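See structure below.
These numbers come from a predicted model, not from an experiment. Reckoned from all heavy atoms, side chains included, excluding hydrogens, waters and symmetry mates.
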Amino acid sequence: MSENVVHLHKHTNPPAEPAAVDTAPTVLTVVPDAPPARPVPLWVRSGRAVKTAITHERTRTAGRAVVRHGLYTFNGGRIAARRAWDGRTGSRYERMIRAAEAAGNLEAAEEWEERLQRFRAARHHRRMDLLHSPVDAAKGVAVGAGMSVGVLVALGVVLAISTGQAADVVTPLSATIDFIALLIRIVQVVWGPAVTIGPFLALLALWSVGRKQHAAPQWALPANVRSGEGEPITPSIVVKALRDLGVPALARAIKEMGDAGASMLGPITIAGCGVEVDVTLPSGVSTNEVQSKRRKLAENLTRHEHEVFITIPQAARTVRLWIADSGALDEPIGPSPLVTDETMTADYKKGKAPWGQDLRGDAAALSLYQRHLLITGLSNQGKTVALRSLALWLALDRSVEFLIGDLKGVGDWAMFDGLATTLIQGPTDEHVIQVTEMVESAVDEMNRRIQAPPGTTFPALIVLVDEAQMAFMCPAKDEDKRPYGGSKANSRYFMAVRKIHNQGRAVNVLMWQGTQDPTNENLPKLVREGAHTRASLALGTESQARMALGDKAVDGGAAPNLLRPGLDRGTLVVASDGITIPAGQSSITVRTHYIDDDAATAITDRAKALRDGVTTLHAIDRGEERDPLADIAAVIGDAPRVRTKDVLARLATRNPSAYGEWSFIDLERVLDDAGAEPYKSDGVMVVSRDRVARALANRDTEGSASAE
């Protein structure tokens, strides 16, 4: 049986009885009406309104303005009083003497003491003069008044004789008396308003003094002043920033110093787009306590964190602060000399690559002579451009040979086609295999050079691998189950790089690598520590910075992990003996020049013009039947003639298994059999392109005739 439920509300009549009769019983339930909303008390609404009014931005701005202008006037009075006190006493000289003594500058202290003695002598002379000045003043007034009356009477006599009127004798004297009476009346009229307005003018003058000195708390100052943009760095600002750093021992020591901390500071010198100062910390304060508070120190100096660099010089308990001008590091540096100077050439042995500018604004140049190179950093921070700019400079030395593997494969190194002996571009495992075999061919060339007679010199061979983490992380294995990637003793790429690191420097076979996000997996320890020049762009953590640059550089203040990704693109922290680093520091920060693809292409075109022509290999041949004469023609390319040792090196790079063990005798045998014998040109043995081409043509013609 179903039920009909009818809900009745209090204070309402039940519904009318239905016309039709329903057999189901009806159950009546009573639902009370919802209670009416209670009104918000007046005091609550008033409190909310007051709170809204107090927290409103206009109210807060007005409050800051009242406090600011009030303190301008009060502190302006303090400043004026101190200036007056300094002017009347020798306190200014005493402060300068204490500061000079604290800085150890005894000559300056003696000079200020001499000035103080002269000031005191002059002040004593003035005070002694004041003892006699009232009597002298009275005598002077009496004499002056007598002389003035006499002059006026004499003028009256002359006037009376001229007019014939005896009364004119006193006319000048009476006119003078009337004029004095007029002045007295003017003073009487003006005195009242002057007494009323004078205090307001004095307060206005004090307010102006306080306003010029920004004599108010930071929170009360206007936004443009509170930001500290362009505020110069002074000794007092540096000491105050150190005092407020939150290091209790440092704050106590500064308060106890008689010179208010001035003895801690060395000279503040202009250094490029900023200033530099050495701070000798008091006993009980370590340098790492200051280094760990870089952000707070920067904010105390009204700078951003990236505008303050803290390094450790040679002196004990000393930190060196470099403080940039506000916004200076966000301004781009000028173009590279490689772009602006089309006559520039390179010298691998004696020259230095123009890489960029240091924080002082001085040119930062890097020597590449017999130094393996490693550049790391997060993706899209300018790693390839920084690495490529070094290769572009070195390409202007016609003796340098390049083997390039670009495992990104987007064309960043395409301009080296026709300049590099080998150029492999691509991100796949097959490209990693090709790059590995390219590096192994460089190992074979290195071994050949090592076995040469003592005293033999060799041109530079640069083995460059960009995005090297792809090679270390490659899972592919060869037919003998040896992995190409990894960091084990049977890893082919790892072992080839290690061999070049161990022995390549002595015979000018150098390994350059660029890699992202250094970790133990994609950049093994033995490989990163084998580089003589280590540079890093922005990184994520301090542990990555230690992997990139080493513990010594990071402990000395190097902090690529504090660079701003994206904003500091192209800024490198470099640890190398190939670049000039300030004494006592273990690294230097360099803002590299940006060379775009078009400018890079123009530079490589100049480099190609210095050479006889280079045939670039885009793959390493392996495993197939070889035609030595055809391979010789291929490695010669368009050059009219190539030195025999260069032909041997290019053949070894083209196919290490076939030509890696070749000597001059093997090359001469093939050329003699073909009728393209090498000959001497300018005192060196060379291979002629025309002779090899003629031998190939004759061989093909003879082969066709035999077939017929």
Is there a side chain to side chain contact (heavy atoms under 4.5 Å, CB included) between Glu668 and Leu671? Walk through the geometry before answering. CA-CA 5 Å; Glu668 187 178 26; Leu671 293 174; 5.8 Å; no
Ser681 vs Arg641, side chain to side chain contact (heavy atoms under 4.5 Å, CB included): CA-CA, chis, key distance, verdict: CA-CA 9 Å; Ser681 176; Arg641 54 188 174 274; 3.5 Å; yes
Run the salt bridge (Lys or Arg N to Asp or Glu O under 4.0 Å) check on Lys293 and Glu289 step by step: do they pass? CA-CA 7 Å; Lys293 295 181 177 292; Glu289 289 182 279; over 6 Å; no
Side chain to side chain contact (heavy atoms under 4.5 Å, CB included), that's the test. Do Phe472 and Ser487 meet it? Break it down for me. CA-CA 7 Å; Phe472 288 112; Ser487 58; 5.7 Å; no
Would Thr318 and Ile312 satisfy side chain to side chain contact (heavy atoms under 4.5 Å, CB included), going step by step from the backbone distance to the final call? CA-CA 7 Å; Thr318 302; Ile312 310 298; over 6 Å; no
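Residues Leu523 and Asp517 have side chains not in contact (no heavy-atom distance under 4.5 Å, counting atoms from C-beta outward). Here the side chains of Pro518 and Leu539 are in contact, with some heavy-atom distance below 4.5 Å. Within the 4.5 Å cutoff, side-chain heavy atoms of Ile375 are placed close to those of Leu572. Side-chain atoms of Ile632 and Val670, non-hydrogen and from C-beta on, do get closer than 4.5 Å to each other. Using a 4.5 Å heavy-atom threshold, the side chains of Leu510 and Trp512 count as touching. Residues Val435 and Met470 form no side-chain contact, since every pair of their non-hydrogen atoms from C-beta on lies 4.5 Å or further apart. Contact annotation: the side chain of Gln513 approaches that of Val497 to within less than 4.5 Å [non-hydrogen atoms, C-beta and beyond].
The local environment of CZ in Arg689 is crowded, with over 12 non-hydrogen atoms from other residues, nucleotides or ligands closer than 6.0 Å. Other residues, nucleotides and ligands place no more than 12 heavy atoms under 6.0 Å from the CZ atom of Arg295. Heavy atoms from other residues, nucleotides or ligands lying under 6.0 Å from NZ of Lys477 number 12 at most.
For Asp429 and Tyr484, the side-chain atoms include no donor-acceptor pair closer than 3.5 Å. At a cut-off of 3.5 Å, with distance as the only test, no side-chain donor of Asp598 or Thr601 sits close to an acceptor on the other residue. Checked by atom type, the side-chain pair Thr384/Asp466 shows a donor-acceptor distance below 3.5 Å. Side-chain contact annotation: Arg528 with Asn520, donor-acceptor N/O pair under 3.5 Å present. Between Gln357 and Asp362, the side chains place no donor N or O within less than 3.5 Å of an acceptor N or O (distance only, hydrogens not considered).
Ala420 approaches Ile404 most closely through the heavy-atom pair CB-CD1, 4.0 Å.
The only member of Thr422, Thr421, Asn508 that meets side chain to side chain donor-acceptor pair (under 3.5 Å) when paired with Glu401 is Thr421. Checked options Thr592, Thr589, Leu537, Val590; the residue passing with Thr571 is Thr589 (criterion: side chain to side chain contact (heavy atoms under 4.5 Å, CB included)).
Taking 4.0 Å as the cut-off between side-chain N and carboxylate O, Lys408 and Asp412 count as a salt-bridged pair. In this structure, Glu440 pairs ionically with Arg492, as a charged nitrogen and a carboxylate oxygen lie closer than 4.0 Å. The pair Arg546-Glu542 meets the salt-bridge criterion, since a charged nitrogen lies less than 4.0 angstrom from a carboxylate oxygen. Contact check on Arg371 versus Asp577 returns a salt bridge, with a Lys/Arg side-chain nitrogen under 4.0 Å from an Asp/Glu carboxylate oxygen.
Side-chain N or O atoms of Asp347 include one that pairs as donor or acceptor with a backbone N or O of Lys349 at under 3.5 Å. The main-chain N or O of Val686 is never found under 3.5 Å from a side-chain atom of Arg643 such that the two would form a donor-acceptor pair.
Between the CG atom in Leu407 and the CH2 atom in Trp413 there is a gap of 12.0 Å [rounded to 0.5 Å]. In this structure, CD1 in Ile500 is found 11.5 Å from CZ in Arg498, a value given to the nearest 0.5 Å.
When the salt bridge (Lys or Arg N to Asp or Glu O under 4.0 Å) test is applied to Arg569, no partner is found at least two apart in sequence or on another chain. Residues passing the side chain to side chain contact (heavy atoms under 4.5 Å, CB included) test with Gln516, sequence neighbours excluded: Ser379, Lys383, Glu467, Gln469.
Within the structure, salt bridge (charged side-chain N to carboxylate O under 4.0 Å, His left out) contacts touching residues 385-394 (residues at least two apart or in different chains) are Arg388-Asp597.
Between His372 and His501, the ring-plane angle classifies as tilted under the 30° and 60° cut-offs.
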